[in-house]
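Note that the structure is a prediction, hence the values are computed from the model and not measured.
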Amino acid sequence: MVVGCRVAGTDGITPVPQLLAFLPWLLVPTGVALLCALLTRWWPGLVWGVAVLGLLAWYLEPYGKTAEPAGPPLAALRVLTSNVEFGRGTPALVPQIRRLRPDLVFVEECEYTCQATLEGDFAHAYPHRQAVAAGGSHGSLILSRFPLKGTAGVRGTMGMPGAVADVRGHAVRVQLAHPMPPLARQVGLWRRELGRLRAFAAAAPRTPTILAGDFNASQDHAAFRRVLDAGLTDAARLAGHDRTPSWPSRTSSVIGAQIDHVLLSTPDFSATDARFLRLTGTDHRALVVDITLHQRR
């Protein structure tokens, strides 16, 4: 059923959306079932097993189109996104920001204490910020070395602030993403909030755009692929890390899903590096990408 929904381009209903996040790992039970069918000489099962294994291998390929920007480089910048899980990962995030010195920082689940810590510790390094002040998982924060002009952001259950950054004289839309996860009774809400992110991406196709955060979705979710189809490319894919898991961090070295992303408008950006960082206190790995803004031709 899970593979069938992937082929059909739909996320289906519970438990399909939850299992789609771990689609590549279905290779293991499929391989075991194929071996059992071979040993017992169950030929119909063997045929089905080969077909499913082939489909899974096919969908391991990264999704979406990529194109090298044709214009000359305008600015190099580093972007960091981190879900700090109700603010508990903030103490581990602070030294990483000091060490890596990103130009833009997107922090999800950054509640009141998290915002006070980051805004206080980095008042001089990041004088520009845009936030949704809220408790629990609803707070979010964007820190920037570049001047920001606040926007309405994207409407969602959890805070998704947005702004327009002045990157060396060039306007760049920056938007934090944090839609609701596809919990059993919230799949419809998850799909609608990803749809709003897609509408944001498609609203200004000629303006460079950075859409970053915890999407609660992987490239195997149809709702996330529609966001990419709005003219965006995953920076981790450009840097050769399209399948590196970011959640849950405790098991990511064995099994996990890449649900934390930095998406870039395809004609405007290139990416040279992507790193996933383990932070104590949170179940997400932080993602750091080095990107270049190019002049569009």
Self-check item: Donor-acceptor pair, side chain of Arg296 and main chain of Pro267, under 3.5 angstrom
Solution: no

Quiz item: Can you hop from Ile210 to Leu238 via hydrophobic side chains spaced under 4.5 Å?
Solution: yes

Self-check item: Close aromatic pair by centroid cut-off 6.0 Å: His261 and Phe224
Solution: yes

Exercise. Could you tell me whether the side chain of Gln258 reaches within less than 4.5 Å of the side chain of Pro245, counting heavy atoms only?
Key: no

Quiz item: Any chance the side chains of Gln175 and Thr209 put a donor and an acceptor closer than 3.5 Å?
Solution: no

Self-check item: Any side-chain heavy-atom pair of Ile97 and Pro102 under 4.5 Å
Solution: yes

Quiz item: Do Gln186 and Arg192 come within less than 4.5 Å of each other through their side chains, counting heavy atoms only?
Solution: no

Would you tabulate the side-chain donor-acceptor contacts of residues 5-22 under 3.5 Å, counting partners in other chains and residues two or more places apart, or write 'none'?
unit_1 : atom_1 : unit_2 : atom_2 : d
Arg6   : NE     : Asp220 : OD1    : 3.3
Thr10  : OG1    : Gly12  : N      : 3.2
Asp11  : OD1    : Ala222 : N      : 2.7
Asp11  : OD2    : Ala222 : N      : 3.4
Asp11  : OD2    : Ala223 : N      : 3.0
Thr14  : OG1    : Gln18  : NE2    : 3.4
Thr14  : OG1    : Ala184 : O      : 3.2
Gln18  : NE2    : Pro182 : O      : 2.6

Quiz item: Shortest non-hydrogen contact from Ala274 to Ala236?
Solution: CB-CA, 4.0 Å

Exercise. May I ask whether Leu194 and Leu228 are part of the same hydrophobic cluster, defined by side-chain heavy atoms of I, L, V, M, F, W, Y residues being less than 4.5 angstrom apart, directly or through others?
Key: yes

Less than 3.5 Å apart, which donor and acceptor atoms pair up between the side chains of residues 74-91 and the rest of the protein, not counting sequence neighbours?
unit_1 : atom_1 : unit_2 : atom_2 : d
Arg78  : NE     : Asp290 : OD1    : 2.6
Arg78  : NH1    : Leu100 : O      : 2.8
Arg78  : NH2    : Asp290 : OD1    : 3.3
Arg78  : NH2    : Asp290 : OD2    : 3.2
Thr81  : OG1    : Glu108 : OE1    : 3.4
Thr81  : OG1    : Glu108 : OE2    : 3.1
Asn83  : OD1    : Glu85  : N      : 2.8
Asn83  : ND2    : Glu109 : OE2    : 3.2
Asn83  : ND2    : Asp214 : OD2    : 2.9
Glu85  : OE1    : Asp283 : N      : 2.9
Glu85  : OE2    : Arg88  : NH2    : 3.3
Thr90  : OG1    : Gly87  : O      : 2.7

Exercise. Could you tell me the separation between the NE2 atom of His241 and the CZ atom of Arg237, rounded to the nearest 0.5 Å?
Key: 14.0 Å

Quiz prompt | Shortest non-hydrogen separation from Cys114 to Val107 and the atoms involved | solution = SG-CG1, 4.2 Å

Quiz item: With a 4.5 Å limit on heavy-atom distance, are the side chains of Gln96 and Val288 in contact?
Solution: no

Exercise. Please report the shortest heavy-atom distance between Leu197 and Leu211, naming the atom on each side.
Key: CD2-CD1, 4.0 Å

Exercise. Examine Leu23 and Val227 and state if one hydrophobic cluster contains both, with Ile, Leu, Val, Met, Phe, Trp and Tyr joined whenever side-chain heavy atoms are less than 4.5 Å apart.
Key: no

Self-check item: Inter-residue atom distance Thr280.OG1 - Leu93.CG, 0.5 Å rounding
Solution: 10.5 Å

Quiz prompt | Test item: His178 and Glu193 side chains (from C-beta on) under 4.5 Å apart, heavy atoms | solution = no

Quiz item: Is there side-chain contact between Met158 and Met180, with at least one heavy-atom pair below 4.5 Å?
Solution: yes

Practice problem: Mind listing the closest non-hydrogen atom pair of Pro208 and Phe269 along with its distance? | Solution: CB-CE1, 3.9 Å

Quiz item: Any side-chain heavy-atom pair from Arg98 and Asp121 closer than 4.5 angstrom?
Solution: yes

Quiz item: Just wondering, do Leu277 and Arg285 contact through their side chains at under 4.5 Å, heavy atoms?
Solution: no

Self-check item: Arg191 CZ to His221 NE2 distance, which is reported to the nearest 0.5 Å
Solution: 9.5 Å

Practice problem: Output yes when a side-chain donor or acceptor of Ser246 lies under 3.5 Å from a complementary backbone atom of Asp260, and no otherwise. | Solution: yes

Quiz item: Are Val132 and Leu118 connected in the hydrophobic side-chain network, where two residues link if heavy atoms are under 4.5 Å apart?
Solution: no

Exercise. Look up atom CG in Asn216 and atom CH2 in Trp190, then write down how far apart they are to the nearest 0.5 Å.
Key: 9.0 Å

Quiz item: If you round to the nearest 0.5 Å, how far is CG of Leu232 from OG1 of Thr266?
Solution: 6.0 Å

Self-check item: Minimal non-hydrogen separation, Leu143 against Leu141, with atom names
Solution: CD2-CD2, 3.8 Å

Exercise. State whether the number of non-hydrogen atoms from other residues, nucleotides or ligands found under 6.0 Å of Arg99 atom CZ is greater than 12.
Key: yes

Quiz item: Shortest non-hydrogen contact from Phe146 to Ala165?
Solution: CB-CB, 4.4 Å

Quiz item: Taking a hydrophobic cluster as the set of Ile, Leu, Val, Met, Phe, Trp and Tyr residues connected by side-chain heavy atoms closer than 4.5 Å, whether directly or through intermediates, do Ile259 and Val289 fall within one such cluster?
Solution: no

Quiz item: Which pairs count as side-chain hydrogen bond (donor to acceptor under 3.5 Å, both in side chains) when at least one residue sits in residues 122-143, sequence neighbours excluded?
Solution: Tyr126-Arg145

Practice problem: Calculate, to the nearest 0.5 Å, the distance between atoms CZ and OG belonging to Phe106 and Ser144 respectively. | Solution: 8.5 Å

Exercise. Please report the C-alpha distance between Trp247 and Thr282 in whole Å, then the side-chain angles of each, then the deciding distance to 0.1 Å, and finally whether the side-chain contact (heavy atoms from CB on, under 4.5 Å) criterion is met.
Key: CA-CA 10 Å; Trp247 174 89; Thr282 173; over 6 Å; no

Practice problem: Verify side-chain contact (heavy atoms from CB on, under 4.5 Å) between Phe215 and Leu263, making sure each step is shown before the conclusion. | Solution: CA-CA 10 Å; Phe215 286 77; Leu263 306 186; 3.7 Å; yes

